[in-house]
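Owing to the predicted nature of the structure, the values given are computational and were not obtained by experimental measurement. Values below: every heavy atom of this structure, side chains too, minus hydrogens, waters and symmetry copies.
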Amino acid sequence: MTDLTKTPADSSAAAEPMVRAEAVHKSYGLVEVLKGIDLEVKQREVFCLVGPSGSGKSTFLRCINHLEKINGGRLWVDGELVGYRQKGDRLHELKDREVALKRRDIGMVFQRFNLFPHMTAVENVMEAPVQVKRESKAAARERAMALLERVGLADKAGNYPSQLSGGQQQRVAIARALAMKPKLMLFDEPTSALDPELVGEVLDVMRGLAEEGMTMVVVTHEMGFAREVGDALVFMDGGVVVESGNPREVLTNPQHERTRAFLSKVL
């Protein structure tokens with residue numbers, strides 16, 4: 001197990017990746033879910049994580065914004081340690097309030113939409129800027145309406161989640177994450193809970209974000225999206241990175257037998 005007091009590697013500020021993981025380990029009791037993850041996500045990059053269920057993809061995603069605490073190694077977002085502060089050669093865990101402040105810069109979209117059922121679409125998008133950033137309701141509403149228009153749902157602003165399809169709810173969830181003006185967006189299988197005919201509308205919104213230069217880490221089973229939109233792809237299995245590279249190259253000509261076996265079932 002990697003010691004959490006390890007000295008970080010030097011990196012130039014000019015080439016600072018948005019996400020950097022060094023020997024990241026995560027265990028639940030005796031079960032080791034992440035067994036030393038090393039990877040970098042560049043600024044403005046669409047970084048896709050693929051692999052079988054239970055491979056550690058979603059756990060790693062949750063570690064990026066400290067929803068899960070790592071047991072070893074280190075994680076940085078935009079040059080800052082995730083969940084810790086370094087003093088000398090030791091790490092000190094941040095207080096919950098400090099973690100929450102840093103988490104404001106990271107948007108996350110889950111498999112399930114997690115919208116507030118008693119709030120309309122526009123109220124869901126407004127909520128965090130008003131409550132967390134103390135924006136005025138007028139300013140938050142104006143921005144929320146602009147974001148709903150961006151995801152093609154301006155006409156559904158007054159609808160409650162129960163009045164929206166799954167795809168529409170997920171697009172509201174994306175607008176809600178964008179309302180905090182994040183520097184990084186995390187997507188945890190955002191289309192897996194959707195009926196097949198609704199998947200495209202969510203992926204179209206994600207394509208638009210990619211074109212605008214949003215840095216995105218996407219756990220997905222949508223190999224077409226990874227091939228067309230992704231800048232980098234990592235195949236994980238058993239808590240380790242098995243293979244990584246350009247999505248088109250990995251998907252077309254995988255080098256590892258485990259990757260080939262997985263892709264033969266999903267492509």
Side-chain angles (χ1 to χ4, degrees), residues 18-19 43-44 46 61-62 64-68 77-80 82-83 94-194 198-218:
M18 179 60 79
V19 179
Q43 303 272 353
R44 303 173 67 88
V46 178
L61 200 72
R62 292 171 64 86
I64 292 175
N65 64 359
H66 208 55
L67 287 175
E68 299 285 355
V77 170
D78 202 18
E80 295 189 3
V82 174
L94 298 179
K95 296 179 180 177
D96 289 346
R97 183 174 179 277
E98 294 174 290
V99 171
L101 283 172
K102 291 179 179 293
R103 196 177 283 146
R104 298 192 311 183
D105 293 329
I106 304 174
M108 187 157 184
V109 178
F110 299 88
Q111 296 178 36
R112 295 289 175 180
F113 328 118
N114 298 331
L115 298 178
F116 296 115
H118 63 289
M119 293 183 180
T120 64
V122 71
E123 288 168 345
N124 265 281
V125 179
M126 290 171 55
E127 181 70 2
V130 170
Q131 297 298 328
V132 178
K133 288 191 170 182
R134 303 302 180 188
E135 288 185 15
S136 71
K137 287 190 175 181
R141 178 174 289 273
E142 182 178 359
R143 177 163 168 74
M145 287 302 301
L147 287 168
L148 287 174
E149 183 172 0
R150 182 176 176 183
V151 300
L153 290 174
D155 62 328
K156 303 292 185 183
N159 288 39
Y160 290 91
S162 62
Q163 299 170 317
L164 302 173
S165 70
Q168 290 169 337
Q169 289 186 61
Q170 193 63 294
R171 284 148 65 196
V172 173
I174 293 172
R176 180 178 62 179
L178 293 173
M180 293 295 284
K181 302 178 182 178
K183 65 177 75 170
L184 170 66
M185 285 285 285
L186 309 176
F187 292 87
D188 188 7
E189 298 188 27
T191 61
S192 65
L194 301 179
L198 302 177
V199 168
E201 62 191 50
V202 174
L203 294 181
D204 285 344
V205 171
M206 295 171 65
R207 284 188 185 92
L209 291 177
E211 290 168 1
E212 294 167 13
M214 174 64 73
T215 308
M216 301 159 62
V217 182
V218 185

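- Residues Met108 and Arg62 form a side-chain contact, since some pair of their non-hydrogen atoms from C-beta on lies under 4.5 Å apart.
- Within the structure, salt bridge (charged side-chain N to carboxylate O under 4.0 Å, His left out) contacts touching residues 108-130 (residues at least two apart or in different chains) do not occur.
- In this structure, Gln170 CD and Leu164 CG are separated by 12.0 Å, a value rounded to the nearest 0.5 Å.
- By the 6.0 Å contact criterion, CG on Asp96 is open, its count of non-hydrogen atoms from other residues, nucleotides or ligands being 12 or less.
- From Met214, atom CE reaches atom CG of Leu184 across 8.5 Å, with rounding to the nearest 0.5 Å.
- In this structure, Arg104 places its CZ atom where more than 12 heavy-atom neighbours from other residues, nucleotides or ligands lie under 6.0 Å away.
- A 6.0 Å sphere centred on CD of Glu142 holds no more than 12 heavy atoms belonging to other residues, nucleotides or ligands.
- Annotation: the span from Arg141 atom CZ to Met126 atom CE amounts to 4.5 Å, rounded to 0.5 Å.
- Note: Leu178 CG to Leu148 CG = 10.5 Å, rounded to the nearest 0.5 Å.
- Arg176 places no side-chain N or O within 3.5 Å of a backbone atom of Asn124 that could act as its donor or acceptor partner.
- Residues Val172 and Asn159 fail the side-chain proximity criterion, which asks for heavy atoms closer than 4.5 Å.
- At least one donor-acceptor pair under 3.5 Å links the side chain of Arg171 to the backbone N or O of Gly152.
- Within 6.0 Å of NZ in Lys133 there are more than 12 heavy atoms belonging to other residues, nucleotides or ligands.
- Every residue two or more places apart in sequence or in another chain that forms a salt bridge (Lys or Arg N to Asp or Glu O under 4.0 Å) with Glu98 is listed here: Arg85.
- How far CG of Asp155 is from CD of Glu149: 10.0 Å, rounded to the nearest 0.5 Å.
- Considering only heavy atoms from C-beta on, Val109 stays 4.5 Å or farther from Met206 through its side chain.
- How far CD of Gln111 is from CG of Asp188: 5.0 Å, rounded to the nearest 0.5 Å.
- With a 4.5 Å cut-off on side-chain heavy atoms, Glu201 and Leu194 do not count as touching.
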